[in-house]
Asks: 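This is the structure I want to talk about, given as structure tokens.
Naming: A, B, ... by sequence-line order, numbering from 1 per chain.
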There are 2 protein chains.
Amino acid sequence: MLSKKTKYGLKALTYLASVDSKEPVQIAEIAKNENISQKFLESILLTLRRNGFLGSKKGKGGGYYLIKKPEEIQMTSVMRVLEGPIAMVPCVSLNFYEKCDDCPDENKCSVHKLMLQVRDSALEVYRNNTLADLIS
Amino acid sequence: MLSKKTKYGLKALTYLASVDSKEPVQIAEIAKNENISQKFLESILLTLRRNGFLGSKKGKGGGYYLIKKPEEIQMTSVMRVLEGPIAMVPCVSLNFYEKCDDCPDENKCSVHKLMLQVRDSALEVYRNNTLADLIS
DNA sequence: CTTTTACCCTATAGTTTTAATAGATTTTAA
DNA sequence: TTAAAATCTATTAAAACTATAGGGTAAAAG
């Protein structure tokens, strides 16, 4: 299951990308238009900012704005920041690798074998989609 | 993340397929060889039996055995039974469809668009893998 | 100096996961 | 017919995670 955090984060990014102005957009506006709990969205936007996707401006006329062009924002990086590892099992994760404690030999593990394929296919999708692709 | 339930279920199925005899295999043997909590495995094997993957025999010399040939067990059905929907969002699920309450129009939803692709790519993997493929 | 906004920290209800516990039931074999 | 070997069933519980709410702080603008 995709967490609501990721879902809302993606929606917020899309919203900012489609607004397309470089004027900051307020949290409240995004929350209202995308039907998201404002407080929850607040924390999501914060992590998106901390991870280099968004910039922010405080005070009147403040808000959030995209730092990069939508074409330059790959879904791989968005997913990793919001949802965590793309792999369904740590032992096939590129960025978050961990050995399974119950598994003596990864190369003989059926789960490993299957999940490697699932990871690769998911990666291909995420690599082929930028934020710009999700708008059109 | 793949649940341990699914992981263990897959391992158990693989074990049964690789044993290859039609003699029932005891839970304890599977649990020991695959490093799985026996009681947990018990409930997993039960759901696999209830869903037509396994047969069981009680009493001395009892245990679990595959009902179908490994070549006939598709990963799509195994995953749906153990892990649930293959889609990451209900609104793109084939077998468990549900409308998002926050989303006025699915066709314009960026999340929908992306997750549709992810689902399709995952489905392709699961459809191309039977239990037999995971052994070799 | 007041308003508006993002920022930050904490708590919490609810759900899901991952089992552990205890026993009931069925079958086989001595 | 008894005992042992298994599966079955139900209940409970700890832990982790999710999705939010509340309340206060800091900064920017006018």
Asks: Please state how far atom CE in M88(B) lies from atom C1' in dT18(D), giving the value in whole angstrom units.
Replies: 15 Å
Asks: Is the shortest side-chain N/O distance from R49(B) to OP1 or OP2 of dT7(D) below 4.0 Å?
Replies: no
Asks: Between the main-chain N or O of T130(B) and the side-chain N or O of D133(B), is there a donor-acceptor pair closer than 3.5 Å?
Replies: yes
Asks: Relative to the 5' end of DNA chain D, which residue comes earlier, S43(A) or G59(A), by the nucleotide with the nearest heavy atom?
Replies: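 Here S43(A) is the residue nearer the 5' end.
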Asks: Where do L82(A) and G9(A) come nearest, in terms of heavy atoms and distance?
Replies: CD1-CA, 3.9 Å
Asks: If only side-chain N and O atoms of K57(A) are considered, is one of them under 4.0 Å from the OP1 or OP2 phosphate oxygen of dA29(D)?
Replies: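 For K57(A), the contact criterion (side-chain N or O under 4.0 Å from OP1 or OP2 of dA29(D)) is met.
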Asks: Please classify the nucleic acid contact of L45(B) as base, sugar-phosphate, or nothing, using heavy-atom distances under 4.0 Å.
Replies: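 Contact class for L45(B): none.
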Asks: How close or far is atom C1' of dT17(C) from atom CD of E83(B), stated in whole angstroms?
Replies: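 Roughly 11 Å, once rounded to whole Å.
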Asks: If we check side-chain contact (heavy atoms from CB on, under 4.5 Å) with F53(A), which of these qualifies: L45(A), I67(A), I73(A)?
Replies: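 Of L45(A), I67(A), I73(A), side-chain contact (heavy atoms from CB on, under 4.5 Å) with F53(A) is met by I73(A) alone.
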Asks: Can you pull out every side-chain hydrogen bond (donor to acceptor under 3.5 Å, both in side chains) where at least one residue sits in residues 69-84 of chain B? Sequence neighbours excluded, please.
Replies: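 Residue pairs passing side-chain hydrogen bond (donor to acceptor under 3.5 Å, both in side chains), neighbours aside: S3(B)-E83(B), T6(B)-E83(B), Q74(B)-T76(B).
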Asks: Picking from dA6(C), dT26(C), dT18(C), which would you name as closest to the side chain of S3(B)?
Replies: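 Taking heavy atoms from C-beta onward, the closest nucleotide is dT18(C).
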Asks: What is the separation between atom CD on Q38(A) and atom P on dT5(C), rounded to the nearest whole Å?
Replies: 10 Å
Asks: Tell me which nucleotide among dT28(C), dA28(D), dT26(C) gets nearest to the side chain of K58(B).
Replies: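 Within the option list, the nearest is dT26(C).
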Asks: Send over the distance from L54(A) CG to dT5(C) C1', rounded to a whole Å.
Replies: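 Result: 16 Å.
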Asks: Among dC8(D), dA6(C), dA21(D), which nucleotide has an atom closest to any side-chain atom of S37(A)?
Replies: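 Looking only at side-chain atoms, S37(A) lies closest to dA21(D).
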Asks: Rounded off to whole Å, could you give me the NZ-to-C1' distance for the K39(B) and dT17(C) pair?
Replies: 18 Å
Asks: In whole Å, what is the span from the CD atom of E42(B) to the P atom of dT18(C)?
Replies: 17 Å
Asks: Starting from P on dA19(C), measure out to NZ on K7(B) and report it in whole angstrom.
Replies: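 These atoms are roughly 10 Å apart.
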Asks: Nearest whole angstrom, please: distance from the C1' of dT9(D) to the CZ of F40(B).
Replies: 16 Å
Asks: Side chain of Y8(B) only, please: which of dT20(D), dA19(C), dA5(D) is the nearest?
Replies: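 Of dT20(D), dA19(C), dA5(D), dA19(C) is nearest to the side chain of Y8(B).
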Asks: Does S56(B) have a side-chain nitrogen or oxygen under 4.0 Å from the phosphate oxygens OP1 or OP2 of dC8(D)?
Replies: yes
Asks: Considering just the side-chain nitrogens and oxygens of R50(A), establish if one lies under 4.0 Å of OP1 or OP2 belonging to dC8(C).
Replies: yes
Asks: Assign each of K60(A) and K4(A) to its nearest nucleotide of DNA chain D by heavy atoms, then name whichever residue's nucleotide is nearer the 5' end.
Replies: K4(A)
Asks: Can D102(A) and K4(B) be counted as an ion pair, charged N to O under 4.0 angstrom?
Replies: no
